[in-house]
Amino acid sequence: ETMTIAAAADLKFAMDDLIHNFKSTHPNDEIKVVYGSSGNFTTQITQGAPYDVFFSADIGFPRKLAQMKMTASPVIPYAMGRIVLWSATRNASKMSLSSLTDPSITRIAIANPKHAPYGQRAEEALRSAGLWDKVEPKLVYGENIAQTAQFVQTGNAQVGIIALSLAVNPQLASQGGYWLIPDSLHSPMEQAYVITSHGAENPLAHQFVAYMNSTPARAIMTQYGFVLPSVATTK
Amino acid sequence: MMFLSDGDLQSLVLSLELAGSVTAILLLIGTPIAWWLAHSRAWWKVLVSVTVAMPLVLPPSVLGFYLLIAMGPQGPLGMLTHTLGIAPLPFSFAGLLVASVLYALPFMVQPLQNAFEALGDRPLEVAATLRASPLDAFFTVVLPLTWPAFLTAITLSFAHTVGEFGVVLMIGGNLPGITRVASLQIFDHVEALEYAEANHLALMLLLFSFLVLLLVYARQPARRQDGVS
Amino acid sequence: MMFLSDGDLQSLVLSLELAGSVTAILLLIGTPIAWWLAHSRAWWKVLVSVTVAMPLVLPPSVLGFYLLIAMGPQGPLGMLTHTLGIAPLPFSFAGLLVASVLYALPFMVQPLQNAFEALGDRPLEVAATLRASPLDAFFTVVLPLTWPAFLTAITLSFAHTVGEFGVVLMIGGNLPGITRVASLQIFDHVEALEYAEANHLALMLLLFSFLVLLLVYARQPARRQDGVS
Amino acid sequence: MSDIVARFRLDRSGFQLDVDLVLPGRGVTAFFGTSGSGKTTLLRCIAGLERAPEGLLSVLGEVWQDQSTWLAPYRRPLGYVFQEASLFAHLSVMGNLQYGVKRTKSGQLTHFEHIVDLLGIAHLLQRQPQGLSGGERQRVAIARALLINPKILLMDEPLAALDVQRKQDIFPYLERLRDELAIPVLYVSHDHHEVARLADHLVVMEAGQVISNRPMSVAMAQPDQRFQRDEDIGAIIDGQVGAIDMPWHLARMDFPGGGLWMRDHDLPVGKKVRLLILARDVSLARHPPEQSSIQNSLQGHITAILDDTHPGLALVQVRVGTSLLLARLTKRAATALGLQMGESIWVQVKSVALI
Amino acid sequence: MSDIVARFRLDRSGFQLDVDLVLPGRGVTAFFGTSGSGKTTLLRCIAGLERAPEGLLSVLGEVWQDQSTWLAPYRRPLGYVFQEASLFAHLSVMGNLQYGVKRTKSGQLTHFEHIVDLLGIAHLLQRQPQGLSGGERQRVAIARALLINPKILLMDEPLAALDVQRKQDIFPYLERLRDELAIPVLYVSHDHHEVARLADHLVVMEAGQVISNRPMSVAMAQPDQRFQRDEDIGAIIDGQVGAIDMPWHLARMDFPGGGLWMRDHDLPVGKKVRLLILARDVSLARHPPEQSSIQNSLQGHITAILDDTHPGLALVQVRVGTSLLLARLTKRAATALGLQMGESIWVQVKSVALI
Ligand SMILES: Nc1ncnc2c1ncn2[C@@H]1O[C@H](COP(=O)(O)OP(=O)(O)OP(=O)(O)O)[C@@H](O)[C@H]1O
Ligand SMILES: Nc1ncnc2c1ncn2[C@@H]1O[C@H](COP(=O)(O)OP(=O)(O)OP(=O)(O)O)[C@@H](O)[C@H]1O
Ligand SMILES: [Mg+2]
Ligand SMILES: [Mg+2]
């Protein structure tokens, strides 16, 4: 059996581990993963893309698909996304949002709030902290959260607001450090997955979805910085 | 390939396959278009000329988006393929081909058009008086005399297709072994912060392309000045 | 512009500004490079030729990433600008310019190189016997005679820069009014599923580019065959 | 039916070609006319390179163009030597020569070496056209056209770039082509010498129109400044080799009316020849000469006294046997001699040329 | 110091130019030689278009090239007419003509109309080069080179594509250029007529080398087949107009040794002229002629009897006064006349040309 998963880019590290773990019980099955932007995947799935399961960074996209009757399962939340302040050149764990007004910080990278879920939460947090107007002139926008991280990593932006799941990655964790932005400052960021109509007949897709609720899977997710929804709600 | 993973290697092969096919197809369809543009006296040929260059102006992923819609089940191209009983174009190698051909068309047409215009009619006239039919003359006179322009056209089309990302991502869906070309693979590496892998693959891609292009250039005949002398 | 928002309009203006400047700069630096390539007899000029085309082979955002490193505080270019007391290139219009010029270079160089080669030495020789210095002859003889190739080079460079997305995003940081060109704006619209806005802006972009290119083409002098007759 | 019929009308800004010609289907027809008179344009129409809408063209009984027919240039069995250089730059000289041969049905190369030697290009075969001098290029172009065994040969000032010696070398081959192969040659030239030597038929053009179309011998006997330089006015006479004086390297050419001695050309007795006797080489006398270096004296009758190109000169037409000769002399001399129509007179021919 | 000194060595695959020349700093020097002998290459070296590494070139006292000097082509005050067409395709005829004028310091256009008329291109000024016939193009190219008032004019077979009439029209201007402006002209030609008419000095080239370099009059009196067609062998003599016979449109040209009547050219009495007397137009007789149309008889002494180009012919050199004339006759006639060195003999000149 084979199946293809379309996964939001912030899942990259966790998903590799999940699949590795899953395959230990399904040694003969082949699982392909494609990482990318959730918006793109949504468009592609409406045009018949051969993805069996879609892990979105934002619950809005799978819901949209469900409305269009292009899904073969309920929309299942799998995590609450969290954002952090991160720097490659300074110790960000000692910072807070108000440090962003420091004049030595000339560039702050966030994902584009216009369409990137993490960017929207970053903007909300800055606004809630009353800092938006002060820091806006320093902002640069990445197309997605990975590019945002690159702006910071290359030193071109001193600080960035990125996903917790990225910040705990050893590659980034070894540089600087991060400061978790309180989730009270932004609306909850529900992340969810769904089996597409393409995967409806694929038993492997259903098995993988079932696996996501297993203890080992939840452990991996937690390890990569995802905050699990306490109860798997169904909509 | 000691430092390339299987996936990387696969994507590399796919890239070269795609770029090679696109270039070959463009030679077939771009050459007659360029010829027509060079020889027609229709006033609206300027419009055609500019139109051919137009796809360039859109950001590739946006162009890819429009193409995806057009090729999708509700799009005109999608309906056509459906009626003809052909497999749908999106998320297939064939779809990549169609999209890349469209996108790289101006790189083939414009250099050739210039060369054909600069060549003039005399070499064809001479060939005709030596019993060569127009087609014969094209292959035995025009082609060798405009070889540098073909070289440029091939170089630009090939390189551009290898490096194409937005269109290819949108239409192809980044499917391993089918549409995940090297440019997507490198991008994925970079996005996943796998810089070493990205560097290796990028290096290999550059190297391969360099070799392919060098091969093309190496077959360049001695420099010439005019068609006839 | 009844159906364009201020942001859209601003991005459009920025795009045309960028494409115009890039094309102008490319004319200045691409022309001598093409001239050298056309006239040098060094064996390694093929390498230079192929190298100029190499940036094309990388996916634009990956190229952008490498450029970002090079222009960053630790990169060679970044250190240079720092030493010279120039503002850092990333996230500035100047940075976009540099990156786009690099990326579009082959589109300028290759058509010109072909044209210069095809023109041969005779027109320059004739000009020299009529007292024209080489520079004078370049502007009064070579330029008008190779105008179609310049047209192609301008078209391709311009269109390609307008449509550039990956490099521009990486280097520019999508700053409204500074580096948010139309291609980024359209992409953002599409990603945000604002298809109507995307369509409008794309249409305007196409229209503007079409007009600009048409204008360039309209100035094309009567067709000619060879440099001298 | 074995003639060439050509009727073309072509409008250009500032120029109009308008011809209606019947040309002989064999021999060399020369097209003569000032620069810009339309000679090249006419040849292009015949080759099908220029498409005159209402044109008519039939060559040796085959219709190449009329209301309903249009034979594409590459289907017309002709050879064309262009006015300017036209060698393919991407082929060596050898490649250029073989280009047409390969595409000719009877693509035999039996006369390859012959033609190559004739045009003195054997040492150039491996060279590229760019490195050739102007004359070398044109010689290759001529060889290339000859090698495809055309049914008609169109030559647009093919020798303009050649030196005298090369011209002399090529002439005999062109003459043999005319005589042996019997293929018609349409030959554009500015050079009266070339025309006089080569042509059987002469077409004079001016401003896109044909102003004269007649056999060479007729054209020669009726001096026409548009065509002839005044030094070149003379008579053409058909004859044959009558005797050979071996020790003195001389040959006597006999024609109806007498015989003329000229330098020997290694032709056998009885061989038919065509002679050019320039008016400037003919003088008149009342009495047969004695002890002059002029050896060729004939007796004839004055048939006409014509104005010449200069007011001080006269052309006197003299019938010798059945042949007409022309003599040029000053009017003062003509008057001093008291020349009268019908009178008997001695003709002294200083020099005769074979053509 | 007002000469032209040129020393060049240039290696090409299969060809080597190796010349060391001193040429007169005024008048027309003709370069004559077979196709491929290096005439064009030499001219290109002089113009600086070809860079011969160890070359030396000084023109009228100015060094253009030596070990330490290299004057770029565009700084050399010369005019160049190329062998092939060379009009700028992007400029009208007018634009082509003005191109050089605009770049010349003394960019006055006083003689513009004169030159344009002379070359018969006034009606072409607004045309594009592509639409011109071969001859029209070359006429424009000549005009363009003349218009920049060069200090030296290089012409590479400029007239090859022109018809006889146009050539005749251009000659007087070239002659005036030579005589009045005193600028030297280096003139490559295949056409012996052109050379004979125009040149004061003759350089014959073969296989990249100069095989003869001498004044025209010397070259003419010593027949050389490499340079002359045998019909063109003759003597050049300096003289002046001695008398005019108005009613008969004749003029008498006097030279040391006598006078010769020729057609009138509207030249005033006393005007210095140069005469070409072809050997073929000269006959010899023991006695002065009576009642012949040949009017020009002179008495002289035989100074040499030379072999001619054909074994049946002889060239006889006769001194008339202080001038040397050449007569061509068959050996048989020479023997019949019993010609001996030093003998007195009557020379009859059938025709004289002004050059
Ligand atoms: N493509 C064209 N467009 C306009 N006019 C043209 C074109 N080709 C030729 N002509 C004109 O037609 C006339 C005849 O040209 P053509 O080349 O036939 O003359 P030609 O007799 O061969 O002259 P030459 O002896 O100089 O070669 C010329 O006045 C020329 O300017
Ligand atoms: N670029 C070159 N490379 C190699 N050989 C050359 C080159 N240019 C000229 N030649 C050779 O040099 C020789 C002299 O050429 P050039 O053009 O000077 O002759 P030319 O005397 O002008 O002849 P023509 O009367 O035919 O014009 C020729 O044999 C020619 O093949
Ligand atoms: Mg012509
Ligand atoms: Mg030459």
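Every chain is numbered from 1 and lettered A, B, ... according to where its sequence line falls, protein lines coming before strand lines.
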Between P50(A) and L175(B), which heavy-atom pair has the shortest distance, and what is it?
CG-CD1, 3.4 Å

By a 4.5 Å heavy-atom criterion (distance strictly below it), what part of F13(A) contacts chain B: side chain, backbone, both, or neither?
side chain

For L169(B), which atoms come within 4.5 Å of any heavy atom of chain A: side chain, backbone, both, or neither?
both

Checking heavy atoms, do the side chain of M170(B), its backbone, both or neither come under 4.5 Å from chain A?
both

List in chain and number order the residues that pass ring pair (Phe, Tyr, Trp, His ring centres under 6.0 Å) with F226(A), two or more places apart in sequence or in another chain; answer none if no residue qualifies.
none

Listing needed: what donor-acceptor pairs below 3.5 Å join chain A with chain B?
unit_1: K12(A); atom_1: NZ; unit_2: E194(B); atom_2: OE2; d: 3.4
unit_1: V33(A); atom_1: O; unit_2: R180(B); atom_2: NH2; d: 2.9
unit_1: Q44(A); atom_1: NE2; unit_2: L169(B); atom_2: O; d: 2.9
unit_1: Q44(A); atom_1: NE2; unit_2: M170(B); atom_2: O; d: 2.8
unit_1: Y51(A); atom_1: OH; unit_2: G173(B); atom_2: O; d: 2.7
unit_1: N144(A); atom_1: ND2; unit_2: E191(B); atom_2: OE1; d: 2.9
unit_1: Q150(A); atom_1: NE2; unit_2: V190(B); atom_2: O; d: 2.9
unit_1: Q153(A); atom_1: OE1; unit_2: Y195(B); atom_2: OH; d: 2.4
unit_1: Q171(A); atom_1: NE2; unit_2: L193(B); atom_2: O; d: 2.9

Residues at least two apart in sequence or cross-chain that pass side-chain contact (heavy atoms from CB on, under 4.5 Å) with L143(B), listed by chain then number, are F138(B), F139(B), F150(B)

With sequence neighbours left out, what residues match L206(B) under side-chain contact (heavy atoms from CB on, under 4.5 Å)?
M54(C), V57(C), L58(C)

Does K138(A), at its NZ atom, have more than 12 non-hydrogen atoms belonging to other residues, nucleotides or ligands within less than 6.0 Å?
yes

